[in-house]
Amino acid sequence: MRPVGTTVAAYLAGSLREHGVRRVFGVPSESFTMFMDALLDEPGMEFVAARQEGGAAFMAEAYAAASGGIGAVLGGRAVGASNLAIGVHTARENSTPLLILVGQVTSRHRGREAFQEAALADFLRPLAKHAVEEADPLRVPEAVSRALGLAVTGRPGPVVLSLPEDVFAGEVDETPSRPVRVPRPRPSDSEVEAFHDLLSSAERPLVIAGAGVRLSGAEGRLLEFAERWGVPVVAAWRRHDVFPNDHPLYVGHLQLGAHPEIVATVREADVLLALGTRLGEITSQRYTAIAPSQRIAQVDIEPAMVGKAYPVELGIVADLTEALGALLAAGPPRREPSAWARERRAACERAAFVPPGQHDDRVDNRQIIRMLREALPGDAVITNDAGNFSGWLHAFFPFREPHTYVGAASGAMGYGLPAAIGAKLAHPDRTVVSLSGDGGFLMTVQELETAVRLRLPIISLVFNNNMYGTIRMHQERRYPARTIGTDLGNPDLVALAGSFGAFGARVTADAEFPAALREALTQDRPSVIEIRTDPEQISVWRTITQLRDGK
């Protein structure tokens, strides 16, 4: 007779703990009450109750990104899984290891269009790295081990595990799943030699550094490599912190609508070294910044990423820490930056320069960003939402230390506030500030209650221009003065913050910002600072009038 083992719920809770997961995010559901109860028996484990599954998914993704571990989020049945979808997509775009556990209707009701029934694994599979539903309790250990292993190996990403409600009560004899040793492939000697030959032949080489650098923990080796070869580095979309922005070899960030000087650096390079970046649409400036004549060497841990966006002369499948270590071990002697590299650094400094000055009558977002950088400690973590307001952050905020930025490469609105919650839980001793527009902030503002309940002193800066600014910009460019659906009305954000139990302040001129920020930094609770911005200044480089005039 088979000895009685442990329940699937207990097995799953224990497995998450073995894999270093300490917080599980979600909205409670009857589908997994037994699993939630099992979390109470795991020392150090915490369930973080959010107000909506989309917010919970953003929290879990940001927590994983900030901590360097695996995120975990729960969604109950079709309704919860539907709300989780935006976080699954964000984790995929960010290459973040995330376990999405969805509670399915009980097995005996499957296929009868039961209450809130849907094919959850099928529904989320196109967004995820891996998705499976397991209805046999005895095979749950296999499914859990495979899911958690896939989340962290190769290109990390989100994995979906759907379990019917009754499966949690099933019994298994397995001990909790333990982490696998993550493969870290190295380049071959011939690949290292070919890389050196290509780089040695370049007159204007340029590194484009992406998420693979951060995921591998290769920031230090990238810095050493750049200094050894004297090669400048540009950061891929929303990967600002992979290279110190104040370094003489840092030459910019490839954001939406990057400054022409930054784009010129990419176009002038004769050899592009794509390190841990897939050279996606925004990094490549809608596939316009890279020309067929440019030679490309691409290093990525995921074979499918090599050559996906552009043909490459040299493709290397390797972990970035291992690859850069091999390249450094093979030489050469230290080289001084070329005249071209120094020129491109000067161009970057011109593009990011903000002359000091404060205005008593208006908000200049450049000054807000400048004063924000001056007031924050070097290790402060910045999260941000999607929208045109973020252009000022991307253009003018210098990230000087690694692991100080958490952003959604997917461009998901509503990310900033819940991401700040996740980042603060990962780093309770560090200052965490989120930046949002009014549109994105109000998409997940309910999570302010989560921050208040958890007593997390995060700071939310809300740039309020009473519009969906990015879409308004596109409308004005294509259909001048013919806008629809982009004008917004907003509540009193200061009063709204207060109603949640948070600190609130309003800034109508940038000269008022330092005092508001200082007050927020002293709070032991969340803070919201509303920054009233001029709708006319639709983006960093354009006004609405200029767009209407075709400029």
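Given the structure is predicted, the values throughout are model-derived calculations rather than measurements.
Aromatic ring pairs are classed by plane angle as parallel below 30°, tilted from 30° to 60° and perpendicular above 60°; the pair H247 and F243 is perpendicular.
Contact check for N490 versus L442: side-chain heavy atoms found under the 4.5 Å cut-off. By the 4.5 Å heavy-atom criterion applied to side chains, F399 and R373 are not counted as neighbours. Contact check for P244 versus L223: side-chain heavy atoms found under the 4.5 Å cut-off. Looking at P526 and F503, their side chains never come closer than 4.5 Å, going by heavy atoms from C-beta outward. Proximity of N464 to N466: side-chain heavy atoms (C-beta onward) are separated by under 4.5 Å at one or more points.
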Donor-acceptor pairs are to be reported for all side-chain atoms of residues 304-315 against protein atoms at under 3.5 Å, with residues two or more places apart or in another chain.
from, atom 1, to, atom 2, distance (Å)
E313, OE1, R295, NE, 2.9
E313, OE2, R295, NH2, 2.9

For residues 409-427, dump all side-chain donor-acceptor pairs below 3.5 Å to protein atoms at least two apart in sequence or in another chain.
from, atom 1, to, atom 2, distance (Å)
S410, OG, T90, OG1, 3.2
S410, OG, A412, N, 3.4
Y415, OH, E61, OE1, 2.6
K424, NZ, P428, O, 3.1
K424, NZ, R430, O, 2.6
H427, NE2, A66, O, 2.8

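Salt-bridge annotation for E302 and R155: absent, with no side-chain N of the basic residue lying under 4.0 Å from a carboxylate O of the acidic one. A salt bridge links E281 to R286: one of the charged nitrogens lies within less than 4.0 Å of a carboxylate oxygen.
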Exercise for the section: Any chance you could lay out the side-chain contact (heavy atoms from CB on, under 4.5 Å) test for E224 and L324, step after step, and finish with the verdict? Expected result: CA-CA 9 Å; E224 186 179 354; L324 288 169; over 6 Å; no
Practice task
Could you please spell out the steps behind the salt bridge (Lys or Arg N to Asp or Glu O under 4.0 Å) verdict for R238 and E93?
Solution key: CA-CA 11 Å; R238 292 193 166 176; E93 289 290 293; over 6 Å; no
Practice task
May I have the step-by-step check of side-chain contact (heavy atoms from CB on, under 4.5 Å) for L254 and I282, ending in yes or no?
Solution key: CA-CA 7 Å; L254 290 166; I282 299 176; over 6 Å; no
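In this model, a donor atom of one side chain and an acceptor atom of the other lie less than 3.5 Å apart for R370 and Q367. For the residue pair S539/N388, the side-chain donor-acceptor check at 3.5 Å is not satisfied.
Residues satisfying the salt bridge (Lys or Arg N to Asp or Glu O under 4.0 Å) test with R400, not counting sequence neighbours, are D246.
Counting only residues at least two apart or in different chains, ring-ring contact (aromatic ring centres under 6.0 Å, His included) contacts with residues 253-280 comprise H240-H253, H253-H394, H259-W541. For the ring-ring contact (aromatic ring centres under 6.0 Å, His included) condition, no pair includes a residue of residues 335-379, sequence neighbours left out. Applying the salt bridge (Lys or Arg N to Asp or Glu O under 4.0 Å) test to every pair with at least one member in residues 203-223, sequence neighbours left out, gives these pairs: R214-D241.
Residues D510 and D364 come closest through the heavy atom pair OD2-N, 2.8 Å.
For the side-chain hydrogen bond (donor to acceptor under 3.5 Å, both in side chains) with T265, the lone residue among R345, R344, E343 that qualifies is R344.
Atoms CZ and CD, on R477 and Q475 in that order, are 12.0 Å from each other to the nearest 0.5 Å. Note: I290 CD1 to L206 CG = 9.5 Å, rounded to the nearest 0.5 Å.
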